[in-house]
2 protein chains.
Amino acid sequence: MALNTTFKAIADPVRRQILEELRQNRQSAGEIAAHFNLSQATVSYHLKLLRSAGLVTVTKEKNYLYYELNASVFEEMLTWLYRFSGKQGDDNNDEA
Amino acid sequence: MALNTTFKAIADPVRRQILEELRQNRQSAGEIAAHFNLSQATVSYHLKLLRSAGLVTVTKEKNYLYYELNASVFEEMLTWLYRFSGKQGDDNNDEA
DNA sequence: GAAGTATTTAGAGAATTTTCGAAATAGTTT
DNA sequence: AAACTATTTCGAAAATTCTCTAAATACTTC
C-alpha cells in the first residue's frame with residue numbers, strides 16, 4: 001500500500017531529480033521549480049506526489065514552503081530491495 | 001537511462017509480485033501467469049519489461065521459458081537509494 | 001486592507017501504460 | 001509433417017499519469 005505509492009513516486013525522472021536537489025539542502029517550491037523546464041504547477045504536482053509518498057516533508061516559513069528529504073521512507077524501499085540483491089535477506093513477504 | 005527503466009519496472013505492483021514469486025525459485029512464463037488473474041499476454045508484457053530492465057533473465061528449456069532473478073541490477077537501485085537514507089553515502093550525482 | 005508574492009488546486013488535453021483477444025512463432029511429440 | 005503446447009507479438013480499448021493555463025488560497029508588506 002504505502003510501498004506502492006513510494007515506488008511509483010520514485011519511478012519518474014523529474015521526481016528523482018527533485019530528490020537529488022533536496023539531497024544538497026532543503027529548498028522552497030519556487031527554488032525547486034527553477035531547476036526545471038516545467039511550469040510551477042507541474043512541479044507542484046510532483047511535489048505533492050513526493051509528499052504523499054512520504055519521501056519529503058514540508059515546513060512553512062514566511063510565505064515559503066520548504067521541502068526536505070525524509071530519510072526513513074527511503075529505508076523502507078531499501079529493505080524491500082535488499083531481499084533481492086543476492087544477500088538472501090529476511091523472508092518476510094508482505095506488501096509486494 | 002538504465003536506472004529509469006529499472007525504477008519504472010519496479011513501480012508496478014504486478015511486476016513486484018512477479019519478482020516475489022521468482023525469489024523462491026525460477027519459474028516458466030506459464031507458471032508465473034497462473035498466479036495472477038490476468039491473461040497470459042498481459043503477464044508476458046510485464047515479463048518483457050522486467051527483462052528489458054535487466055531484473056530477470058530467461059533460459060529456454062524444452063518449450064518452456066524459465067525466468068529467474070538477476071540480483072546485480074537490484075544492487076544498482078540499492079546504491080542509488082542508499083544515498084538518501086541518511087547514511088550520507090557517496091556524492092556521485094549521475095543518472096538521476 | 002490593498003497590492004504583491006509564493007504556492008496549490010481545478011479542469012482539460014496529450015502522452016504513456018496496462019490490459020485483452022486474436023494471431024503469429026517456435027519448439028515438441030507422435 | 002501434422003497436431004499440440006508454451007509463449008510472444010499485434011492492434012486496439014481502457015486506465016493512469018503528466019503537463020499546461022487559469023483561477024483560487026494564503027500569507028506579507030506597504
Side-chain angles (χ1 to χ4, degrees), chain A residues 1-22 25-70 77 96, chain B residues 1-22 25-70 77 96:
Chain A
M1 176 58 23
L3 247 200
N4 189 46
T5 307
T6 311
F7 275 120
K8 275 204 201 137
I10 221 160
D12 182 273
V14 170
R15 289 191 292 269
R16 284 200 306 283
Q17 188 62 51
I18 290 173
L19 294 173
E20 294 283 5
E21 301 291 350
L22 295 180
N25 39 50
R26 73 173 199 168
Q27 284 178 50
S28 72
E31 290 173 311
I32 295 166
H35 295 115
F36 295 92
N37 210 358
L38 295 169
S39 71
Q40 173 85 265
T42 296
V43 174
S44 183
Y45 158 79
H46 286 299
L47 288 171
K48 180 159 90 173
L49 296 194
L50 288 171
R51 227 184 311 135
S52 61
L55 289 163
V56 301
T57 57
V58 203
T59 40
K60 180 134 213 175
E61 235 167 87
K62 295 184 70 177
N63 51 347
Y64 297 85
L65 283 172
Y66 285 99
Y67 284 83
E68 71 190 305
L69 291 184
N70 176 26
M77 279 189 287
Chain B
M1 178 90 306
L3 247 199
N4 189 45
T5 308
T6 310
F7 276 120
K8 274 202 202 139
I10 221 159
D12 182 273
V14 171
R15 290 192 291 271
R16 284 199 307 281
Q17 188 62 52
I18 291 173
L19 294 173
E20 295 283 6
E21 301 290 351
L22 295 179
N25 38 48
R26 73 174 200 168
Q27 285 179 49
S28 70
E31 290 174 311
I32 295 165
H35 295 116
F36 295 92
N37 210 357
L38 295 170
S39 71
Q40 173 83 268
T42 296
V43 173
S44 183
Y45 158 79
H46 285 299
L47 288 171
K48 179 159 92 172
L49 295 194
L50 289 172
R51 226 184 312 136
S52 63
L55 290 163
V56 302
T57 58
V58 204
T59 41
K60 178 134 214 175
E61 234 166 89
K62 295 184 72 178
N63 50 348
Y64 297 86
L65 282 173
Y66 285 100
Y67 283 83
E68 72 189 305
L69 290 183
N70 177 27
M77 279 189 288

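Below, read A as the first sequence line, B as the second, and so on, with proteins coming before strands; counting in each chain starts at 1.
Position along DNA chain D of the nearest nucleotide to A:Y45 versus B:S44 favours B:S44 as the more 5'-ward residue. Along DNA chain D, the nucleotide closest to B:A29 and the one closest to A:N37 are compared, and the more 5′ of them pairs with B:A29.
Atoms CG and CG, on B:L22 and B:L55 in that order, are 10.5 Å from each other to the nearest 0.5 Å.
Within the structure, every side-chain polar atom (N or O) of B:K60 is placed at least 4.0 Å from both OP1 and OP2 of C:dG27. The phosphate of C:dT18 (OP1 or OP2) has no side-chain N or O of B:T42 nearer than 4.0 angstrom. For C:dT19, one of the phosphate oxygens OP1 or OP2 lies less than 4.0 angstrom from a side-chain nitrogen or oxygen of B:H46. Side-chain N/O atoms of B:K8 include one lying less than 4.0 angstrom from OP1 or OP2 on C:dT17. Look at B:S39 and you'll find a side-chain N or O under 4.0 angstrom from OP1 or OP2 of C:dC20. Residue B:S28 places no side-chain N or O under 4.0 Å from the OP1 or OP2 atom of D:dA6.
A donor-acceptor pair is defined here as one N or O able to donate and one able to accept, closer than 3.5 Å; no such pair exists between the side chain of A:T42 and the backbone of A:L38.
Nucleic acid contact class of A:A41 (heavy atoms, under 4.0 Å, all strands): base. Within the 4.0 angstrom heavy-atom criterion, no nucleotide atom of any strand lies near B:I32. Residue-level contact check: A:Y67 touches the backbone only, with heavy atoms under 4.0 Å from sugar-phosphate atoms and none from bases.
Other residues, nucleotides and ligands place more than 12 heavy atoms under 6.0 Å from the CG atom of B:N25.
Of the candidates D:dC20, C:dT28, C:dT18, C:dT18 carries the atom nearest the B:L49 side chain, counting heavy atoms from C-beta on. For B:D12, taking side-chain heavy atoms from C-beta onward, the closest of the listed nucleotides C:dT18, D:dT7, C:dT8 is C:dT18. Closest to the side chain of B:N63, from the set D:dC27, D:dA6, C:dT8, is D:dA6. Looking at the side chain of A:K48, the nearest of the listed nucleotides C:dT28, D:dT19, C:dT9 is C:dT9.
Atom-to-atom, CG of A:L47 to C1' of C:dT9 comes out at 14 Å; the value is rounded to the nearest Å.
Taking the charged nitrogens against the carboxylate oxygens, B:R26 and B:E21 have no contact shorter than 4.0 Å, which rules out a salt bridge.
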